[in-house]
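Here is the naming used below: chain letters follow the sequence lines, and residue numbers restart at 1 for every chain. Side chains are part of it too, since the values below use all heavy atoms of this structure and drop only hydrogens, waters and symmetry mates.
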Amino acid sequence: MKHIALAALLACTLAPAPALPARVEPPAGAYARLIRTHAPALVTLKFVLEAPAEFGAGEQEMEASGVMVEKDGLVLAANSQFGGMIAMMGGPTPAIKNIRVLIGDDTKGVEATLTARDRELDLAWIRIATPDEAGYAHLDLEASADAGVGDRIHMVSRMGKFFDRAPLVTEAAVGGVTAKPRRLLVPNGFLLQFGMPVFGESGRLVGITVIQSPSEEDQDDSSSGMMGETDSLRGLILPASEVLAATARAKETAAAPTPTPTPTPPPAP
Amino acid sequence: MKSTWRALLSATVLLFPAPALAQEGPGAAVLARAEDLREEIRAMVQSAKARVFPALVNIHVISVEYWGGKENKSESVGSGTIVTPDGHILTNAHVTNRGKRFRVRMADQAEVHADLVGEDVLTDLAVLKIDPADLADPSSLPVAAVGDSSIVRVGDTVLAMGSPFALSRSVTLGIVSNTERVFASAFSGDRDAVDAMQEERGERSGLFTRWIQHDALILPGNSGGPLVNLKGEVVGVNTLGGNGMGFASPSNLAREVMAALIEHGSVPRSWIGATFKPIERTTAERGVLLTSIVAGGPADRAGLKPGDVVTALDGEAVNVRFAEQIPALLKRFADTPIGGAVRVAYVRGEGEGEARLVTEALLKDRGQRTLLRAWGVSIEEITDKLARDRRLDSKEGALVSGVRAGSPAALAEPALTWGDVIRSIDGTPVASIDALVEAYRSGMARADLPEYFLIEFDRQGKNQLTLVKSRPDKPQDPPRELPKAWIGVATQPVGPDLARQLGHEQATGFRVTRVYPGTLAASSGLSVGDVITAIDGEALKVRGMQDAGIFNRRVRGLKIDQTARLDVWRAGGALEIPVALERTRIGTEEARRDTNRDFELAVRELTFFDRDDNRWDDSVRGVIVLSAESGGWASLAGLSPGDLIQRIGDRQTPDLETYRAVMDDLTRAQPRLVEFVVVRNNRTFFNYAEPEWKPRTEAEEKADEAHPPK
């Protein structure tokens, strides 16, 4: 069943996005403003992934998208891009090394470390090892807004290396909202880049695109899980408020001492 | 011999009894004769076996190959025969090929180390040597007699001896089917008949061999074992087999090659730089057709040309009509002293001529191979043959035979790839593989190690440059998972149907299936069988299996170190149980790891869930094997994923830090044998590795002087 999920992902990747419903044209210059304001914070992450044996053991260089969320070099990305998909397919999470953050159309990048992740929310945080003193253009997670069914949304992302990572706005509308496993905005088209910011019509951050897949505890042996295959592999939008809270926890976690793997429990209260 | 024929004929009759006999029943005389023959055959086989078996050995080889930018080790087995009182063992070159270590198991099961004396790929023969002093009784080294293969005839009965599939020694019986088998290309008339045979991994083999073909069964593991006549003499070395056919190198060829290997370590041969084709199905009536000439080689310098028909060598007529005659011709040239002259008479068109051909030394088809480990590049020496095959302009530099994915060479832009020829490093030309390795070593030993090395290479005739990072990045510890609240229980959802059966229809929720020992949940009073119906007063509404994740998700939404109030149904009654929330325990994904390059062994920390899965209490300590790369020393020692390493040598490895310290000390001390004590399926295993330690740098030696190993 998990292999079917992979096939579905590939199919989704290849399939054209469905046509949007009739809509009011955006105000002139709205797309340009989104790009001008937010594209500088978008980064490319290059890294080496050590695939486990059952997924063709070996190291391979990969790229992911992310967004700078703090001036001092904290990058937010979707964990599924760091081998998280392999884990979703039931395999072990692969080791990641040699992470470099490429800003804009930079080709060399700066060294960085994957400091924390939340597999449940599909978020990962990467920190630049030696940040530029001048700081980096970044996305303000606090300047956010909520969105509901029918609201128009815009994802800002970058194209690939071949196109010099040209910035791009993809427009959709909120087609639904889930309550389980958590509150997620469901775009009515496929948003196929993960870890990318999505903005509302006000231009404020609505959320980040993520993948949500049934965890092991949600799996039912007799079915494909709590969501259909295409549901679990489409880009969903994790609300900005949850992203903000998780980022605060991620910073605390990265700063805290490493816990022991087999701790002695604290005394009962 | 006559009695042998009688015996074999009778044996055939016994296998296919005539219908008439079956109806009337054999006479007493026939039965008696059959019994006599059976005894006679057995006696002959036993006699031959008794003469050879004591000298028959099983050879265990650890081989190292370099390709794909990695060092690839493997284990293989073959057979061999002790043929001199000094302990020389005759076997196949494909048994010893790329071997780093050889162990020989004797007839009495004693196992001793063997050294490679030499190998000759062209005849697929090799010689190993054991030291008789290593044996319990050095004076009683068994030696098999090597017979004369020239008197072997088609139909002779032969025995194949060896260790098929590494099983203990065995013997099979057959007859000689052909004494001059040549692997000619029967269906491709345009190709050179002999050059087309057996070219494996760029190395030609069998060019000088007219094989003894027989039908005594040989299987993998028989390679290198003796083909024996009924007198108990070795008349061949079994080399190839399959589909009911076996092929052995004749003992006379083997004897000759062995003598050269013992004397020189190799077989000196001449090379003329030409290939031949038999004249059958050509327009020539006598001689042998010259098909190709290596530019600049001896035949070329002598003025010979493709299409010439060679009719005489040193005044002696040459007539090669069939492929079977080619090996003898090639051997004649090969046996000419290196640098010796041969008068070649030839016909060219309507005219005739004579050339004076001066031979050169025949060089190996394939040269050295090694690894530039830090860059992830395996390289190979450019031999004459390799240069010709790959149409290279020269033999300078070294050929890239592979690049490890994710290595500095693979991540370079442009990345190095298979087939590239490295020409220089940081501006220093590298004329040979030795020069390249030296440039690499000296570059990597620099105190001011540069971030990148500038590599110049040729790719398909184009000269290019790239920058290769001097060292691969170190693996990073796995990222931290955001800690969340956790209650140390496993649960199953209880939907309305199950709740009804349990007698509390309205109380859907989660039934506790396990309370993890050593957790706050265990000390809270929760028990297996409890049904948790609400958390902090909020009901857990479960409709079926699709809601299986609700309990843990709800808990994860609470805060660590707070107390959750659980409404619980137990034995038909409701109660409230406060449970202190803990941090989620570190799982295998988050456990820190270590990778040791010497042993190609990756391990990780032992986690709470490992303990629970294996029912290990707190006294069980160690590190878990994540992977032991196939062919690595740890893998060869028998370590496998999931093993819990508890001790290495006499030192315990209770945690990752101690394990790392022990492995660091091993790297410095470089012991011959390393003992790993592991727990697997709750049984203890003792595994022994014999790593090949890399030579240590001066800097490492100095570091040890400052901090000697424990």
Side-chain angles (χ1 to χ4, degrees), chain A residues 46 48-50 52-53 57-61 79 82 87 92-93 95-99 107 111 113-121 123-126 180-182 214-223 225-226 246 249-250 252-254 256 258-269, chain B residues 376 404-407 410-411 413 472-484 488 491 518-520 522-524 544-553 556 561 563 578 580 582-583 585-586 588-593 595 602 604-608 610-611 618 626-627 629 641 655-656:
Chain A
K46 284 179 89 167
V48 174
L49 178 144
E50 289 183 45
E59 296 176 340
Q60 45 193 301
E61 192 179 30
N79 183 57
F82 295 94
T93 302
I96 303 293
K97 65 179 184 181
N98 195 19
I99 303 173
T107 56
E111 287 183 20
T113 309
L114 183 56
T115 56
R117 67 183 169 201
D118 188 323
R119 284 178 289 169
E120 192 175 12
L121 298 182
L123 295 178
W125 292 268
I126 300 96
K180 180 189 165 194
R182 60 191 49 81
S215 64
E216 196 177 341
E217 66 193 10
D218 286 310
Q219 295 280 7
D220 174 356
D221 290 343
S222 62
S223 76
M226 66 177 178
R249 286 203 308 277
E252 288 168 15
T253 302
T258 305
T260 56
T262 53
T264 305
Chain B
R404 182 166 51 81
S407 66
L411 299 179
E413 292 188 350
D473 291 283
K474 286 186 178 171
Q476 296 170 353
D477 281 335
R480 305 276 299 279
E481 186 75 21
L482 292 199
K484 292 176 184 171
T491 60
T519 63
L520 293 177
S523 54
S524 70
M545 288 302 289
Q546 74 266 32
D547 293 328
I550 286 179
F551 175 74
N552 280 327
R553 221 167 10 250
R556 284 198 292 269
D561 296 336
T563 297
E582 297 180 48
R583 177 203 191 282
R585 297 293 173 99
I586 287 181
T588 55
E589 312 285 357
E590 211 178 343
R592 290 175 304 151
R593 304 166 183 193
T595 300
R604 64 164 172 78
E605 291 172 309
L606 180 66
T607 68
F608 170 84
D610 293 318
R611 287 190 190 288
D618 287 346
L626 269 175
S627 66
E629 274 192 42
D655 51 46
L656 195 69

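- Scanning both residues, R117(A) and E589(B), for their nearest heavy atoms gives NH2-O, 3.6 Å.
- Heavy atoms of A124(A) lying under 4.5 Å from chain B are absent altogether.
- Atom CZ of residue R556(B) and atom CG of residue L121(A) lie 9.5 Å apart, to the nearest 0.5 angstrom.
- Using a 4.5 Å cut-off between heavy atoms, E252(A) makes no contact with chain B at all.
- Pairing each heavy atom of R480(B) with each of A256(A), the nearest pair is NH1-O, 3.3 Å.
- Interface remark: S407(B) contributes backbone atoms only to the contact with chain A (heavy atom separation under 4.5 Å).
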(request) Take E120(A) and L482(B), measure what side chain to side chain contact (heavy atoms under 4.5 Å, CB included) needs, and give me the verdict at the end. (result) CA-CA 10 Å; E120(A) 192 175 12; L482(B) 292 199; over 6 Å; no
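- Within the 4.5 angstrom heavy-atom criterion, atoms from both the backbone and the side chain of T113(A) approach chain B.
- Highest contact tally toward chain B, considering only L123(A), N98(A), V48(A), N79(A), is held by N98(A) [criterion: heavy-atom pairs under 4.5 Å].
- With respect to chain A, the highest number of heavy-atom pairs below 4.5 Å among S627(B), P641(B), P479(B), A410(B) belongs to P479(B).
- Heavy atoms of I126(A) lying under 4.5 Å from chain B are absent altogether.
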